[in-house]
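Bear in mind that the values here come from a model prediction, so they are computed numbers and not experimental data.
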2 protein chains.
Amino acid sequence: PPPVTVPPSPVTPPARVLTPESMNPAIRRVEYAVRGPIVTRALEIEQELKKGLPKPFTEVIKANIGDAHAMGQQPITFLRQVTALCLCPELMKDESIPSDAKERAQRLLSACGGHSVGAYSASPGVQMVRENVARYIERRDGVPATADDIFLSTGASDAIVNILKLLVSGEGSQRTGVLIPIPQYPLYSAALAELEAVQVNYYLAEERCWALDVAELRRALAEGRQRCCPRVLCIINPGNPTGQVQSRECIEDVIKFAYEERLFLMADEVYQDNIYAEGSAFHSFKKVLMEMGPPYSAEVELASFHSISKGFMGECGLRGGYVEVVNMNPEVKAQLAKLVSVRLCPPVLGQLILDTVMDPPKPGEPSYERFQAEKEAVLGALAEKARLTQEIFNQTPGIHCNPVQGAMYSFPRIELPPKALAAAKVLGQAPDMFFCMRLLEETGICVVPGSGFGQKEGTFHFRMTILPPTEKLKILLEKLSTFYTKFVKEFS
Amino acid sequence: PPPVTVPPSPVTPPARVLTPESMNPAIRRVEYAVRGPIVTRALEIEQELKKGLPKPFTEVIKANIGDAHAMGQQPITFLRQVTALCLCPELMKDESIPSDAKERAQRLLSACGGHSVGAYSASPGVQMVRENVARYIERRDGVPATADDIFLSTGASDAIVNILKLLVSGEGSQRTGVLIPIPQYPLYSAALAELEAVQVNYYLAEERCWALDVAELRRALAEGRQRCCPRVLCIINPGNPTGQVQSRECIEDVIKFAYEERLFLMADEVYQDNIYAEGSAFHSFKKVLMEMGPPYSAEVELASFHSISKGFMGECGLRGGYVEVVNMNPEVKAQLAKLVSVRLCPPVLGQLILDTVMDPPKPGEPSYERFQAEKEAVLGALAEKARLTQEIFNQTPGIHCNPVQGAMYSFPRIELPPKALAAAKVLGQAPDMFFCMRLLEETGICVVPGSGFGQKEGTFHFRMTILPPTEKLKILLEKLSTFYTKFVKEFS
Ligand SMILES: Cc1ncc(COP(=O)(O)O)c(C=O)c1O
Ligand SMILES: Cc1ncc(COP(=O)(O)O)c(C=O)c1O
């Protein structure tokens with residue numbers, strides 16, 4: 001018989017253990033627009049500029065993320081002096097640093113293990129800082145707060161995800177549903193995707209300055225109940241990306257709704273110090289809840305989040321924040337304490353910055369005037385830029401910008417001509433992504449398409465921070481408006 | 001007809017949304033012994049001491065956690081000077097700080113957004129730091145490394161959980177199984193519980209200095225395959241809690257095993273600078289893998305973890321670390337990049353400390369001598385304490401302590417008399433928990449029972465760090481040995 005020829009084994013690529021097909025499908029479903037494809041492209045363009053590729057602009061301006069320092073905002077001196085001393089106590093002898101910063105640093109170090117910021121703190125945070133957070137909340141709200149209810153965190157992001165984690169359970173139609181605003185800050189949709197919780201959308205009313213409407217909550221809840229078990233209601237106030245500040249009345253209505261429908265409230269209040277519009281004021285959910293009295297104050301469960309990344313300090317890179325839990329079942333609170341202990345502790349310097357923010361220099365203390373001046377300069381400039389943004393955008397036909405009452409963003413609606421929609425479709429892009437990409441390529445301005453935050457079907461937006469320095473922002477707003485007009489013309 | 005009396009509605013406690021029954025059952029199952037009940041009790045006792053309650057000791061000594069600074073280890077000056085300058089650039093004019101620290105701070109600040117540590121960094125970390133990590137790995141291993149494969153993290157904990165997250169998929173018997181050593185660092189069991197992955201135990205051989213044995217891996221894998229789909233093999237080298245350092249030969253065997261059985265390797269190498277025993281040397285999995293050549297070097301998928309919390313720096317509170325991924329599918333790597341972007345970025349100061357550790361002062365530079373002296377003092381003292389621990393424990397009949405070849409812990413086996421087992425049973429405690437609790441109450445020494453790490457059925461251990469200052473450690477070891485002898489006598 002003829003010899004059997006063995007066919008050569010086919011050259012198969014090695015079968016990896018971890019492939020796009022075999023990986024965790026929940027992670028694959030996660031999306032996070034604030035750092036999505038538009039930002040990737042912006043970074044590439046920066047590299048191209050560095051290499052000398054000709055572009056119709058000389059720098060990329062990243063107005064995509066609420067990162068004040070990256071846009072040139074200066075740090076608050078007192079915060080930095082205290083933490084630098086904590087890192088390097090040898091500097092206590094530096095005479096340029098005021099005595100109250102030194103005293104604070106000494107006090108904070110005495111609350112750290114081995115008097116070092118290099119020791120792990122207790123998992124819910126340095127006890128002294130937790131107490132200072134509780135005192136701050138009491139001053140803010142005029143109602144009691146206790147350190148036991150405060151868990152410090154690695155930015156607010158970390159705390160938000162941990163609370164969601166506790167809340168997720170059930171299978172199929174019993175799976176936890178979470179009501180989130182649309183437009184939303186995409187941490188929420190990303191965390192829900194990762195945790196395989198069910199996202200239930202409620203829409204903010206753009207035509208009424210992005211107000212939250214209880215009738216819409218009711219509609220969303222009814223819709224959600226058809227496919228899951230809605231147990232959580234998330235509120236972002238002041239709003240990101242929408243910049244609205246909720247009225248006290250609205251907050252009361254939301255609390256009543258949560259009480260009636262037995263929903264756990266998550267109040268993302270990281271922009272509580274960023275209020276600009278006349279007539280707008282920040283009301284914390286905790287304060288309103290407590291002032292409403294029983295049965296609400298005793299029964300509605302609430303988690304409220306704060307961060308050092310926003311406000312007047314903008315210390316994003318330090319990663320600090322906290323959650324205050326209200327009316328949380330004590331056993332569940334113990335479970336939360338256990339959960340956070342697995343990651344050991346939040347970054348200690350972020351905790352210490354939080355301490356200085358919660359308990360800033362007081363009148364008469366050496367650092368008071370500089371602190372106060374720096375803080376007011378930042379908040380004053382932000383208010384001016386909020387006003388400017390709305391004003392300039394609304395001068396351009398086709399752009400509609402609600403007042404930026406608070407937070408750090410504008411979220412203007414843009415009308416896009418049908419030909420632009422068709423062109424986007426050809427590229428398989430959302431129409432506002434198409435617009436933002438073109439904007440980036442032609443002007444170097446990086447903003448995030450509304451589709452990354454969610455928006456009413458058929459409407460288009462983008463989110464732009466108000467953070468660039470005033471003069472630069474003005475130029476930016478004008479450039480953007482001009483580009484929009486040109487874009488509309490091109491596709492008409 | 002007589003009037004109808006409406007019975008009063010029963011006083012029901014308000015039905016909370018979030019209760020122990022309704023919460024995420026996966027989180028409920030999480031355990032984390034290093035900060036468990038024994039530590040809670042230690043904190044209570046500290047409060048009792050403060051209040052003046054009489055105790056047979058004057059202070060609680062927490063030898064439960066690998067936290068060098070908390071035990072009095074001094075920070076490395078150069079690291080702290082650089083980061084303090086980054087926080088507070090005004091201090092550049094302080095003449096007590098050497099010029100190379102100032103230059104490094106300048107360089108690092110120029111790599112931060114807006115030249116501020118308060119800006120969010122890129123999500124996988126500051127690019128310059130990632131490059132320095134890659135250069136460090138190249139020097140360490142003599143094989144190429146690229147910044148693209150380096151993801152900076154919030155301590156190693158964060159990176160470990162993220163890699164596990166990617167790897168978890170499937171349902172029922174197809175659910176991802178993860179092989180972990182027993183005894184283990186309980187982050188692993190906690191993360192697996194949270195992610196609902198299946199924990200598959202392989203036992204280290206106590207009688208051979210906690211060596212890892214491929215035959216045992218094979219047994220564990222076969223066992224795991226009966227109930228899940230094992231896809232991941234975790235190695236901790238140097239070991240925690242066990243302190244062994246793996247031989248190069250053993251690492252080669254493990255890599256071959258992972259190749260044959262198609263397992264993704266996770267190498268926890270956070271103690272790579274903590275090697276004490278003569279004849280022991282650290283071999284990174286990456287180096288061994290690359291030196292083995294094809295097919296291994298091209299096909300075995302590996303994630304290697306490092307941290308600023310251990311080594312000679314012990315900067316736990318700063319929360320810095322990294323993972324290097326090797327042979328990771330590029331699309332999966334993009335998914336990892338997306339996943340970390342949701343939390344925005346790791347703490348920037350932890351990243352900067354990592355930079356100084358990866359790229360320390362060189363001979364001839366102003367900070368070199370102090371840096372080198374401080375580093376050697378720490379590592380020298382640790383080596384001495386490792387030796388001391390083993391020596392003193394082994395003088396006590398009934399305590400068996402393997403040599404502490406590396407890491408920061410001893411994990412002695414203790415014989416417990418049957419009456420002690422019976423007494424523990426009455427209290428519903430694990431026998432070594434019973435022992436550790438008694439130890440804490442009577443001596444103030446806080447160590448973690450072996451049951452928190454896992455151990456062979458019927459054996460009992462505790463984990464104690466070698467971190468207290470030498471003189472204190474000596475007293476501690478003697479006190480503990482004496483207590484053990486007394487305890488055995490009491491229950492005989
Ligand atoms: C509404 C909202 N919540 C939470 C966060 C998270 O902030 P961080 O994790 O930096 O505290 C942000 C950041 O932009 C935000 O806009
Ligand atoms: C083996 C091992 N891996 C990881 C970690 C986590 O360290 P960190 O998150 O502080 O970097 C530890 C901490 O003790 C450890 O012992």
Residue among A:Asn329, A:Val332, A:Leu43, A:Val17 with most heavy-atom pairs under 4.5 Å to chain B: A:Val17
Rounded distance [0.5 Å steps], CZ in B:Arg80 versus CD in A:Glu90: 11.0 Å
Pick from B:Ala190, B:Ala26, B:Ala84 with the largest number of heavy-atom pairs that fall under 4.5 Å of chain A: B:Ala84
Sub-4.5 Å side-chain heavy-atom contact between B:Met328 and A:Leu18: yes
Any side-chain donor near an acceptor of the partner, B:Arg28 and A:Ser169, under 3.5 Å: no
Distance-minimising heavy-atom pair for B:Ala298 and A:Arg16: O-NH2, 3.7 Å
Region of B:Lys62 in contact with chain A, defined by heavy-atom distances below 4.5 Å: neither
Side-chain donor/acceptor of B:Lys338 to backbone N/O of A:Val30, under 3.5 Å: yes
Closest non-hydrogen atom pair, B:Gly66 against A:Tyr120: O-CE1, 3.8 Å
N/O donor-acceptor pair under 3.5 Å between A:Asn24 side chain and B:Leu167 backbone: no
Pick from A:Ile353, A:Leu187, A:Thr19 with the largest number of heavy-atom pairs that fall under 4.5 Å of chain B: A:Thr19
A:Pro346, part contacting chain B, at a heavy-atom distance under 4.5 Å: backbone
Choice from A:Gly350, A:Gly114, A:Gly118, A:Gly113 maximising heavy atom contacts with chain B below 4.5 Å: A:Gly118
Option in B:Leu195, B:Val168, B:Leu79 with maximal non-hydrogen atom pairs under 4.5 Å from chain A: B:Val168
Partner chain A: residue of B:Leu85, B:Val232, B:Thr154, B:Val161 with the largest heavy-atom pair count (under 4.5 Å): B:Val161
Min side-chain heavy-atom separation B:Pro20-A:Gln335 under 4.5 Å: no
Main-chain N/O of A:Ser22 paired with B:Arg231 side-chain donor or acceptor, under 3.5 Å: yes
Residues in residues 311-320 of chain A that sit under 4.5 Å from chain B, counting heavy atoms only: A:Gly314, A:Glu315, A:Cys316, A:Gly317, A:Leu318, A:Arg319
Nearest atoms (heavy-atom pairs only) where A:Lys93 meets B:Ser96: NZ-OG, 3.8 Å
Side chain, backbone, both or neither of A:Cys86 within contact of chain B (heavy atoms, under 4.5 Å): backbone
Best-contacting candidate, B:Met23, B:Glu31, B:Gln73, against chain A by heavy atom pairs under 4.5 angstrom: B:Met23
Chain B contacts, top residue of A:Val342, A:Leu349, A:Val348 (heavy-atom pairs, under 4.5 Å): A:Val342
A:Ile27 backbone acceptor or donor facing B:Lys165 side chain under 3.5 Å: no
Close side-chain approach of A:Ser157 to B:Leu344, heavy-atom, < 4.5 Å: yes
Residue B:Gln81 versus chain A: region with a heavy atom under 4.5 Å: both
Within-4.5 Å side-chain heavy-atom neighbours: A:Leu339 and B:Glu194: yes
Min side-chain heavy-atom separation B:Asp94-A:Leu91 under 4.5 Å: yes
